[in-house]
There are 2 protein chains.
Amino acid sequence: MVNTKDAPRSVVKRLPVYLRILDNLIRRDVDIISSSELSEETGFTAEQIRKDLAYFGAFGTRGKGYNTSFLRDKILSIIGLDKLTNVIVIGAGHLGIALSRYTITKNPYVKIVGIFDNDPKVVGGNILGVPIYHVDEMEKVTKDNDVKAAIIAVPAEYAQAAVDDAIRSGVKVFLNFAPTKLDVPEHVFIHNADLSIELQSIIYYAST
Amino acid sequence: MVNTKDAPRSVVKRLPVYLRILDNLIRRDVDIISSSELSEETGFTAEQIRKDLAYFGAFGTRGKGYNTSFLRDKILSIIGLDKLTNVIVIGAGHLGIALSRYTITKNPYVKIVGIFDNDPKVVGGNILGVPIYHVDEMEKVTKDNDVKAAIIAVPAEYAQAAVDDAIRSGVKVFLNFAPTKLDVPEHVFIHNADLSIELQSIIYYAST
DNA sequence: CATTGTGAACGGATTCACAGCC
DNA sequence: GGCTGTGAATCCGTTCACAATG
């Protein structure tokens, strides 16, 4: 059974880690991997890995381990990355552009179909071939490409408006880099990736 | 009592959120705030906020609430941001530069004292006045400035070497943007902020 | 017989409910 | 009276230990 949707957030956050390891193994022509070897590679315990996978089904072979390609495909399908996933980036400042470049060049499985800004100086340009549109065009681009996910990289004061626009255009999930709390309806999912907060929170562990 | 060091990670991650809200309130000349008002602003429950603060002491006044400036100062001191915190960025590619600019302009309480790379084309330059050094100079710069925290923004294949160098230079905590697992000694703290993984993990919530 | 899959035990974090105090 | 501070209860995720099985 795939896509149970009630898996704990903590489990879902580990799935892409497994995915990356499996991609590396497949590239190195490794066919079979055990949970204890995966534990080595990921730093998670072997039991945890087996439990994580068990939320979605029984993908291994007792006595042997997991077939790397088979498990990779299962995880892709669980996450929803088996079909092409179109994403937009809102904000074409330094951070938005760097995040776009990074995602375009480094992230398999997702495709950025547009970057949005309201500054006429950048609208009309492109980043590695991906057009920068005016925010007014968001609804059209988003609907034409069936976009369900957005990266928010605008200043805090514009972030709520950006999210509201995107939700109106059908976007369901957000990766938010703006340093502010965003109010969204129940059915919308937001993951905050606030760089200042993450940096400050590690400072706590720097003394002694 | 300040700086108990055994507070749960989950609590520590919320402290900078409180800090930001308090800074905003102080800027708007709000002197007193209750846990339920803080709950409004943060999205965390009032009980949780009170419990979080209680790990470190009793900072409020029963019947009234918390004095914003007093609480801000306490939290700064708990995190260790009361004294100036010097940070380095390793990697001067697009992402490293964007993260540097962002931190320099948007992050109060921390100061970037150097950006490191091994590409002679960028070494010698600067970002908003912060010099880009060759990685060979890391130990000197880090020790001269008592740097305890680093942001890793190099490609995956260089990340382990970068971290090893930094640890040798006395760095204790890392914010890692490289898409790879890093092995570090027990006493070193790493927080992974892998953009591909965070993006992929939210896609899970995009269907239906 | 090695390794998966899983119920049970455990532990840590959140929520509840109220006592304590300004 | 109202809000903080906190023990108790609960919830949830991780670890343990072992039964199931290719």
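Lettering follows sequence order; numbering is per chain, from 1.
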Novice: Roughly how far, to the nearest 0.5 Å, is the CZ atom of A:Phe189 from the NE2 atom of A:His187?
Specialist: 13.5 Å
Novice: For a quick check of understanding: with a heavy-atom distance under 4.0 Å over all strands, which category does B:Arg14 fall into, base, sugar-phosphate or nothing?
Specialist: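 Counting heavy atoms under 4.0 Å across all strands, the contact made by B:Arg14 is with sugar-phosphate only.
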Novice: Between A:Arg50 (CZ) and D:dG13 (C1'), how many Å, whole number?
Specialist: 16 Å
Novice: Would you call A:Asp164 and A:Arg168 a salt bridge, using N to O less than 4.0 angstrom?
Specialist: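 Not counted as a salt bridge, because no side-chain N and carboxylate O are separated by less than 4.0 Å.
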Novice: Between P on C:dC22 and CG on B:Asn67, what's the gap in Å once rounded to a whole number?
Specialist: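 After rounding, the reported distance stands at 16 Å.
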Novice: Contacts to DNA chain D from residues 33-40 of chain B, heavy-atom cutoff under 4.0 Å, which residues?
Specialist: B:Ser34, B:Ser35
Novice: Rounded to whole angstrom units, what separation is found between the CG atom of B:Asp31 and the C1' atom of D:dC3?
Specialist: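 Whole-Å distance recorded here is 17 Å.
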Novice: Tell me, with the steps shown, if B:Tyr18 and B:Asp52 meet side-chain hydrogen bond (donor to acceptor under 3.5 Å, both in side chains).
Specialist: CA-CA 10 Å; B:Tyr18 303 142; B:Asp52 284 354; 2.6 Å; yes
Novice: Would B:Lys143 and B:Glu139 pass as an ion pair if we require N to O under 4.0 Å?
Specialist: yes
Novice: Between A:Tyr66 and C:dG5, is there a side-chain N or O to OP1/OP2 distance below 4.0 Å?
Specialist: yes
Novice: So for A:Arg62 and C:dT3, does any side-chain atom that can act as donor or acceptor lie under 3.5 Å from a complementary atom in the base?
Specialist: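 By the distance-only test, no, there is no pair.
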Novice: Let me know the distance between CG of A:Leu53 and C1' of C:dT4, rounded to the nearest Å.
Specialist: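 From A:Leu53 CG to C:dT4 C1': 10 Å.
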Novice: If you draw a 6.0 Å radius around NE2 in B:His191, do more than 12 non-hydrogen atoms from other residues or ligands fall strictly inside?
Specialist: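 Result for NE2/B:His191: enclosed.
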Novice: Whole Å only: how far is the OH atom of B:Tyr55 from the P atom of D:dT4?
Specialist: 18 Å
Novice: Given atom CD1 of A:Ile49 and atom P of C:dT3, what is their separation to the nearest angstrom?
Specialist: 14 Å
Novice: Can you see if the side chain of A:Thr45 gets near the phosphate of D:dT15 - specifically, an N or O under 4.0 Å from OP1 or OP2?
Specialist: yes
Novice: Can you check whether A:Tyr66 and A:Phe59 have ring centres sitting under 6.0 Å from each other?
Specialist: no
Novice: Please report the distance, rounded to the nearest Å, between CZ in A:Phe44 and P in D:dG13.
Specialist: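 Rounded to the whole Å, the gap is 15 Å.
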Novice: Looking at every strand, decide which applies to A:Gly65 at a 4.0 Å heavy-atom threshold: base, sugar-phosphate, or nothing.
Specialist: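 Contact class for A:Gly65: sugar-phosphate only.
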Novice: When you check the side-chain N and O atoms of B:Asn107 and A:Gln200, is any donor under 3.5 Å from an acceptor?
Specialist: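 A donor-acceptor contact under 3.5 Å links the two side chains.
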Novice: Assess whether one donor atom and one acceptor atom, taken from the side chain of A:Lys51 and the base of C:dG7, lie less than 3.5 Å apart.
Specialist: yes
Novice: Can you measure B:Gln48 atom CD to D:dG5 atom C1' for me and round it to whole angstrom units?
Specialist: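 Answer to the nearest Å: 15 Å.
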